[in-house]
Amino acid sequence: QLRRVRSHAEARGIEFLATPFCVTTLREVVKLGVRRVKLGSGELTDGPLLRATGECCLPVVVSTGMACMGEVEEALGMIAAGAVGARVPRRSELLGYLGTREGRAVIQERVTLMHCSTAYPALPADVNLMAMENLGRAFGLPVGYSDHTAGCAISVAAVARGATVIEKHFTLDKALPGPDHAASLDVGEFGTLVGMVRQVETAMGDGIKLPSAEEEMNKLAARKVLVALQEVKKGTLFNPSNLGCRRAGSGVSAMHYWDVLGSASPRDLRVGEAVTR
């Protein structure tokens with residue numbers, strides 16, 4: 001079955017990925033040529049599987065549902081222990097492996113952490129999406145979100161908050177038995193999610209606060225300038241009765257209102273005409 005899935009994925013241009021639940025299946029999927037390994041939340045405390053994952057020298061996506069920060073740290077230590085060749089990594093030694101230069105480098109190069117609420121379906125109130133960002137800050141690693149809520153909203157929010165990976169379950173029929181189907185997306189919904197995620201990625205930008213090219217074109221139409229509220233003869237002093245702010249195209253910015261008050265008009269102005277200098 002896995003070989004058939006791999007062949008179908010390759011034919012469709014989709015990366016073949018599998019989630020092993022024990023060391024034996026880990027070795028099987030590695031033989032089948034996966035480019036990365038995904039570990040589910042239930043395996044976060046499976047020491048032998050974590051160590052073997054470190055040994056396989058592949059990128060790994062680690063889901064952290066049901067876990068606290070200390071358990072995540074220990075899991076990373078066990079992966080690091082496997083990567084550096086520790087055959088009998090005792091629990092008391094795990095943070096030491098994570099603290100070595102080699103162990104830390106392995107974790108930095110290979111691991112993505114997935115925030116997750118292990119419930120089917122998960123309630124938005126229980127998601128605690130801010131914890132995803134805290135995971136990234138605490139360990140200096142890329143983060144993602146494994147979404148078991150109904151619909152697309154929380155996944156889209158996660159992308160906006162910095163998720164580099166989104167996991168969402170897929171089903172052909174939400175009425176099928178089992179815990180996952182009700183929280184999964186069908187064909188149409190999954191396409192909608194992908195489209196929304198791509199829109200958010202495009203909208204993120206570079207973080208520099210500058211007007212876009214479209215905004216630059218709209219400045220003349222949208223921003224206010226100083227205009228004559230009455231007919232003003234050349235040499236007449238500007239005052240609150242004859243000077244106002246309107247959308248009128250080019251002219252002196254309304255930010256100069258108090259600079260212009262009390263000065264003499266350089267020319268005759270009609271009602272509504274922009275002030276110039």
Side-chain angles (χ1 to χ4, degrees), residues 15-118 127-147 158-167 201 204 206-208:
E15 180 183 338
F16 170 60
L17 182 68
T19 303
F21 286 84
C22 65
V23 174
T24 300
T25 52
L26 169 66
R27 290 170 179 160
E28 288 177 357
V29 299
V30 170
K31 286 181 180 178
L32 284 170
V34 292
R35 302 210 307 257
R36 74 194 74 242
V37 174
K38 158 74 194 308
L39 295 182
S41 295
E43 283 56 68
L44 194 74
T45 56
D46 185 338
L49 178 57
L50 291 165
R51 189 195 67 163
T53 300
E55 290 177 331
C56 75
C57 300
L58 289 173
V60 55
V61 178
V62 180
S63 200
T64 63
M66 305 175 289
C68 61
M69 282 290 196
E71 291 172 320
V72 176
E73 190 172 28
E74 286 187 342
L76 293 175
M78 189 65 82
I79 294 171
V84 301
R87 306 310 300 175
V88 188
R90 301 185 185 280
R91 187 176 185 182
S92 60
E93 302 169 337
L94 294 180
L95 301 190
Y97 293 115
L98 186 58
T100 65
R101 179 178 297 180
E102 184 181 2
R104 187 64 184 169
V106 165
I107 296 303
Q108 291 286 336
E109 291 170 4
R110 299 183 193 169
V111 176
T112 298
L113 292 174
M114 299 289 282
H115 177 54
C116 174
S117 177
T118 306
V127 166
N128 190 17
L129 200 54
M130 298 292 283
M132 180 189 72
E133 298 173 73
N134 285 337
L135 277 172
R137 282 191 290 266
F139 299 106
L141 296 174
V143 291
Y145 176 56
S146 181
D147 187 11
V159 174
R161 301 295 301 193
T164 61
V165 179
I166 290 294
E167 176 190 342
E201 289 174 335
M204 292 300 288
D206 58 13
I208 301 171

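Worth saying up front: this structure is predicted, and the values here are computed from it rather than measured.
Of the possible polar contacts, none joining the S63 side chain to the L39 backbone as a donor-acceptor pair under 3.5 Å is found. Here the side chain of H115 pairs no donor or acceptor atom with the backbone of N134 at under 3.5 angstrom. One N or O on the side chain of R51 and one on the backbone of R87 form a donor-acceptor pair closer than 3.5 Å.
Of all heavy-atom pairs between Y97 and A80, the closest is O-CB, 4.0 Å. Between T53 and C56 the shortest heavy-atom distance is O-SG, 3.0 Å. When all heavy atoms of A18 and V34 are compared, the pair lying nearest together is N-CG1, 4.2 Å. The minimum heavy-atom distance between L49 and F21, with the atom names listed, is CD2-C, 4.0 Å. Here the closest non-hydrogen pair linking A158 and M132 is O-CE, 3.5 Å. Between E43 and P20 the shortest heavy-atom distance is CG-O, 4.3 Å.
In this structure, the side chains of V62 and L44 come closer than 4.5 Å at one or more pairs of heavy atoms. With contacts defined as side-chain heavy-atom distances shorter than 4.5 Å, the pair E201/V159 qualifies. For the pair N128/S117, no side-chain contact is recorded, criterion being any heavy-atom separation below 4.5 Å from C-beta on. Considering only heavy atoms from C-beta on, T112 stays 4.5 Å or farther from P59 through its side chain.
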Output a table of donor-acceptor pairs, distance under 3.5 Å, between side-chain atoms of residues 67-79 and any protein atom two or more places apart or on a different chain; print 'none' if there are none.
unit_1, atom_1, unit_2, atom_2, d
E71, OE1, C68, N, 3.1
E74, OE1, R91, NE, 3.0
E74, OE1, R91, NH2, 3.0
E74, OE2, R91, NE, 3.0

Please tabulate, one pair per line, all N/O donor-acceptor pairs under 3.5 Å involving side-chain atoms of residues 102-110, not counting sequence neighbours.
unit_1, atom_1, unit_2, atom_2, d
R104, NH2, F139, O, 2.6
Q108, NE2, F139, O, 3.4
R110, NH1, G54, O, 3.0

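When the side chain to side chain donor-acceptor pair (under 3.5 Å) test is applied to R161, the partners found at least two apart in sequence or on another chain are E133.
Counting non-hydrogen atoms of other residues, nucleotides and ligands closer than 6.0 Å to CZ of R137 gives a total above 12.
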